[in-house]
Amino acid sequence: MTISFTYIKESYLFNKRTFVYPGLIETSSQAEDLTPIWTIKVHEREASICQGRSGASVMTSIIEGANKDLVQFKYNNKLTNGGFDGTKSTWAFIDFDGQRFDWIAGMMQDCWKLEDSKGTLVAQFMGLSRDYKIRGSLVLHAKVSESQIALIHLSTKMLKYST
């Protein structure tokens, strides 16, 4: 069983909101009549994810470090972290149960796979699109909790800093 999501930026230039829609969408015009499941808001080094178009924030993240290589996540007054692991050359994060996940770069630019500590494929992210508003798509390959889904969505923002 797989679950797919598509990230569509609200406006190309001025807005810092990205909507997360269910399914794989090829053009932003296909999402005009759809309601997003989540909204990711970015302001400088901070990002948050909320349910729907403008609900309360579910989780926040702050990108830190001189090289933007560390990130801290906050969910229900719990903190965890992530960042670039130079020994493995991966972007990693720890979920709120202490399990490690690694984003591993694929052969193509902006293609990543997420594996758990056992090497099981959890998700894949592809940031390429012909539509300038589409910021990527995510496919979940494993059953994950709500906090893990939010972590996975927010952790894709780490991947931007890989280039």
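Taking a 4.5 Å side-chain heavy-atom cut-off between Ile, Leu, Val, Met, Phe, Trp and Tyr, the cluster of I62 contains only that residue. As a member of the Ile/Leu/Val/Met/Phe/Trp/Tyr network built from side-chain separations under 4.5 Å, I25 groups with I8, F19, Y21, L34, I134.
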Check: Hey, mind stepping through L138 and I152 against side chain to side chain contact (heavy atoms under 4.5 Å, CB included) and telling me if it holds?
Finding: CA-CA 9 Å; L138 177 79; I152 291 168; 3.7 Å; yes

Next item on the list: Please step through side chain to side chain contact (heavy atoms under 4.5 Å, CB included) for the pair T18 and E10, ending with a clear verdict.
Entry: CA-CA 6 Å; T18 300; E10 183 177 37; over 6 Å; no

Note to self: Applying side chain to side chain contact (heavy atoms under 4.5 Å, CB included) to I149 and E146, what does each step give before you reach the verdict?
What the structure shows: CA-CA 5 Å; I149 289 174; E146 179 188 57; 5.7 Å; no

Next item on the list: Step by step, work out the ring-ring contact (aromatic ring centres under 6.0 Å, His included) result for W112 and F125.
Entry: CA-CA 5 Å; W112 300 79; F125 174 78; 8.2 Å; no

Check: Can you list the steps and then say if H141 with Q124 is a side chain to side chain contact (heavy atoms under 4.5 Å, CB included)?
Finding: CA-CA 8 Å; H141 295 282; Q124 291 176 293; 2.7 Å; yes

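Distance CZ/R135 to NZ/K9: 6.0 Å, rounded to 0.5 Å. Taking CG from N76 and OG from S147, the interatomic distance works out to 8.5 Å, rounded to the nearest 0.5 Å. Interatomic distance, Q72 CD to S61 OG, rounded to the nearest 0.5 Å: 10.0 Å.
Heavy atoms only, all atoms of each residue included: G55 and C50 are closest at O-CB, 3.2 Å. Between I49 and A150 the shortest heavy-atom distance is CG2-CB, 4.1 Å. Taking each heavy atom of S137 and L24 in turn, the nearest pair found is CB-CD2, 3.7 Å. Residues V71 and G83 share a closest heavy-atom pair of CG1-N, 4.1 Å. Across all their heavy atoms, G82 and M158 have their closest contact at C-SD, 4.5 Å. K16 approaches V42 most closely through the heavy-atom pair CB-O, 2.8 Å.
Taking the ring-ring contact (aromatic ring centres under 6.0 Å, His included) definition, one finds that F93 meets it with F101, sequence neighbours left out. For S29, the side chain to side chain donor-acceptor pair (under 3.5 Å) test picks out T27, with sequence neighbours left out. Remark: K41 pairs with no residue by the salt bridge (charged side-chain N to carboxylate O under 4.0 Å, His left out) rule, at least two apart or across chains. The side chain to side chain donor-acceptor pair (under 3.5 Å) test applied to S155 returns W103, not counting sequence neighbours. Applying the side chain to side chain donor-acceptor pair (under 3.5 Å) test to T80 and every residue at least two apart in sequence or in another chain returns nothing. Taking the side chain to side chain donor-acceptor pair (under 3.5 Å) definition, one finds that T90 meets it with D102, sequence neighbours left out.
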Can you give each donor-acceptor pair under 3.5 Å made by side-chain atoms of residues 116-123, sequence neighbours left out, with the distance rounded to 0.1 Å?
residue	atom	partner	partner atom	Å
D116	OD1	K118	N	3.0
D116	OD1	G119	N	3.1
D116	OD1	T120	N	2.9

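Residues L159 and I40 share a hydrophobic cluster, clusters being chains of Ile/Leu/Val/Met/Phe/Trp/Tyr side chains in contact below 4.5 Å. Under the 4.5 Å side-chain heavy-atom criterion for grouping Ile, Leu, Val, Met, Phe, Trp and Tyr, I94 is not connected to L151 through any hydrophobic cluster.
Defined by atom type and a distance below 3.5 Å, a donor-acceptor pair is present between the side-chain atoms of Q148 and D95.
Within the 3.5 Å criterion, the main-chain N or O of G23 finds no donor-acceptor partner in the side chain of S4. For E32 (side chain) and S28 (main-chain N/O), no donor-acceptor pair under 3.5 Å exists by modelled atom type.
Side chains of I37 and R53 form no contact here, defined as non-hydrogen atoms less than 4.5 Å apart.
By the 6.0 Å contact criterion, CD on E26 is open, its count of non-hydrogen atoms from other residues, nucleotides or ligands being 12 or less.
A ring pair (Phe, Tyr, Trp, His ring centres under 6.0 Å) check over residues 54-77, counting only residues at least two apart or in different chains, returns the pairs Y75-F96. Sorted by first and then second residue, the ring pair (Phe, Tyr, Trp, His ring centres under 6.0 Å) pairs involving residues 24-55 (not counting sequence neighbours) are F5-W38, W38-H153.
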